[in-house]
Q: 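Below is the structure I would like to discuss, written out as structure tokens.
Predicted model, so just to flag it, every value in this text is computed and none were measured. Reckoned from all heavy atoms, side chains included, excluding hydrogens, waters and symmetry mates. Reminder, nothing fancy here: chain letters follow the sequence lines and each chain counts from 1.
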2 protein chains.
Amino acid sequence: MDRLQNHSRKFASGKNLVFQGQSDQILYIVHSGWVCSYKLQPDGSRQIIDFQVPGDLLGLRNVLFNICDHGIETVTTVKVSEIIVSDLMDTFKKYPRIAIATFWSASREEAMVVEHLVDIGRRGATERVAHFLLELGARLTLVGLGSKVGYDCPLTQFHLADAMGLSAVHVNRVLRQLREDGMVTFRNSHVTFDNYDRLAEFAEFDPSYLDQEGPLLQ
Amino acid sequence: MDRLQNHSRKFASGKNLVFQGQSDQILYIVHSGWVCSYKLQPDGSRQIIDFQVPGDLLGLRNVLFNICDHGIETVTTVKVSEIIVSDLMDTFKKYPRIAIATFWSASREEAMVVEHLVDIGRRGATERVAHFLLELGARLTLVGLGSKVGYDCPLTQFHLADAMGLSAVHVNRVLRQLREDGMVTFRNSHVTFDNYDRLAEFAEFDPSYLDQEGPLLQ
DNA sequence: CGCCTAGTTGAGGTAAGTCAATTCACGTGG
DNA sequence: CCACGTGAATTGACTTACCTCAACTAGGCG
């Protein structure tokens, strides 16, 4: 897998890696920094699909698609490695196990999008934001960047709003409520879990969809 | 691919094919009838992730996952073929092209979930339902079960509500409005596009994410 | 120092939810 | 054949969660 990463690149924060509608067949692995993928609406609003943190694959969704149906933007400065798709395809042919692992990674990504869908479709704003902060925490903990105490989080309240299908104003109110209830504090680019267990219960957070076990290989 | 389908089965309507939390590693291809996959919330509400219609793969998302993170339920009586996952994996090793095609299918499924996410996160109820009816129409047209005139749709307003993140009462009101505006009629298990172009414009429907071209093979 | 972006708070509006009553279609048993 | 039960659709009255607009504060930086 390492041999596939032939080109390392660095991007500034707030830059577009891929524009919506563009057809770049490039896959990245995030080394440091945060990235988000999103879809723009004709009316100018945008929906953030998910965030990528160090260790995540980027652009898997549109590797096989003729047009990229969503944009990708850096949240912070970001270091990534490029993977040429045709190289990856060749590797699949030689090492089917890599194909299966990549497939697992795609399944995990989709499971997160599905949970995101449930989040927006069926949870109130407060539970939704709480659930989201917990999910980020669990993901970052896997790569050593977080714990049940908290984690560094470079997102603005606007990012949060675009991700949660809420207005930035309402996100602010929700964060205040969560803080005043003594569950979680989001401030100065840092998330602090003031009471992890109560928060997890409140948000009905069940991390099993993150499937921390890894792929079930035959 | 045909040789993989070793076992044909039939299910009555309203039956669970897979329970949420179960760990069945079975993949199905739908031959006739409609199926939906959903997630239940602890409070009893449910979010339908998507519907499967004839020609669709079923259960791809949880093939590599240790636990199935969502349930699958028949909407109508349904005929499916079983695919044993270990057979599929063996086939991947022998025919990488099949792996790529399956991967494309998974990407398409995810693109639909993403569009669904945008639908719920950023569109008003009326546009949302309109967009959804158009997407179903486009998918059914691909397999010869629909056209720009309309299609048979066995869903109840409760299904629609669970899929759209709305209440059944509100779905009813929205359908009435769309009908009275002369855009689309949903009645007696049939969708009639009274004015397809106006509806598509109203819902800002862009079917490119359905990627009707098929996988980009090397 | 002044500008810009992010965050904060209040007031008032609106889309969608809940509860409840009614109708309708359909099947089933007396 | 009709009485009855059941699930779906329909509609009204009222409530609420979230949005919009708007004003203001606090930091970072040329």
Q: Please give, in whole Å, the distance from D/dC18 P to A/R128 CZ?
A: 6 Å
Q: Compare the minimum distances between each of C/dA16, C/dT9, D/dC18 and the side chain of A/H170, then state the nucleotide with the smallest one.
A: D/dC18
Q: Mind checking whether B/H131 and B/Y209 have parallel, tilted or perpendicular rings, split at 30° and 60°?
A: parallel
Q: Please report, rounded to the nearest Å, how far the P atom of C/dA16 is from the CZ atom of A/R122.
A: 13 Å
Q: Round to a whole Å and report the spacing from CD1 of B/I120 to C1' of C/dA15.
A: 16 Å
Q: Mind checking A/G14 for me? I need base, sugar-phosphate or nothing, with any heavy atom below 4.0 Å counting as a touch.
A: nothing
Q: Does the side chain of B/Q157 get closer than 4.0 angstrom to OP1 or OP2 of D/dT10 through an N or O atom?
A: yes
Q: Please give, in whole Å, the distance from C/dT18 C1' to B/L166 CG?
A: 14 Å
Q: Counting the atoms with a prime plus P, OP1 and OP2 as sugar-phosphate, which does B/T156 contact under 4.0 Å by heavy atoms, base, sugar-phosphate, or nothing?
A: sugar-phosphate
Q: Select base, sugar-phosphate, or nothing to describe what B/R173 touches, counting heavy atoms under 4.0 Å on all strands.
A: base
Q: Starting from C1' on C/dT8, measure out to CG on A/L160 and report it in whole angstrom.
A: 15 Å
Q: Would you give the length of the straight line joining atom CD of B/E127 to atom CG of B/L134, rounded to the nearest 0.5 angstrom?
A: 12.0 Å
Q: Of the nucleotides C/dT8, C/dG17, D/dC18, which one has an atom closest to the side chain of B/S167?
A: C/dG17
Q: Under 6.0 Å between ring centres, would you say that holds for A/Y196 and A/F205?
A: no
Q: Please state how far atom CZ in A/F158 lies from atom P in C/dC4, giving the value in whole angstrom units.
A: 15 Å
Q: Please compare A/V174 and B/R176 by the position of their nearest nucleotide in DNA chain D and report the one closer to 5'.
A: B/R176
Q: Give B/L175 one of three labels, base, sugar-phosphate or nothing, depending on what nucleic acid heavy atoms sit under 4.0 Å from its own.
A: nothing
Q: Could you tell me if A/D152 and A/S189 have a donor-acceptor pair between their side chains, going purely by distance under 3.5 Å?
A: no
Q: Start at the 5' end of DNA chain C and walk down; is the nucleotide closest to B/R123 or to A/E180 reached first?
A: A/E180
Q: D/dC18 C1' sits how many Å from A/M164 CE, rounded?
A: 14 Å
Q: At less than 4.0 Å, is any side-chain N or O atom of A/N172 found next to OP1 or OP2 of C/dT8? Yes or no.
A: yes
Q: Please state whether the phosphate of D/dG27, meaning OP1 or OP2, lies under 4.0 angstrom from any side-chain nitrogen or oxygen of A/R187.
A: no
Q: Measure up the A/Y151 and A/W34 rings against each other and bin them: parallel (under 30°), tilted (30 to 60°), perpendicular (over 60°).
A: parallel
Q: Mind calculating the distance between CD (B/Q177) and C1' (D/dA9) to the nearest angstrom?
A: 17 Å
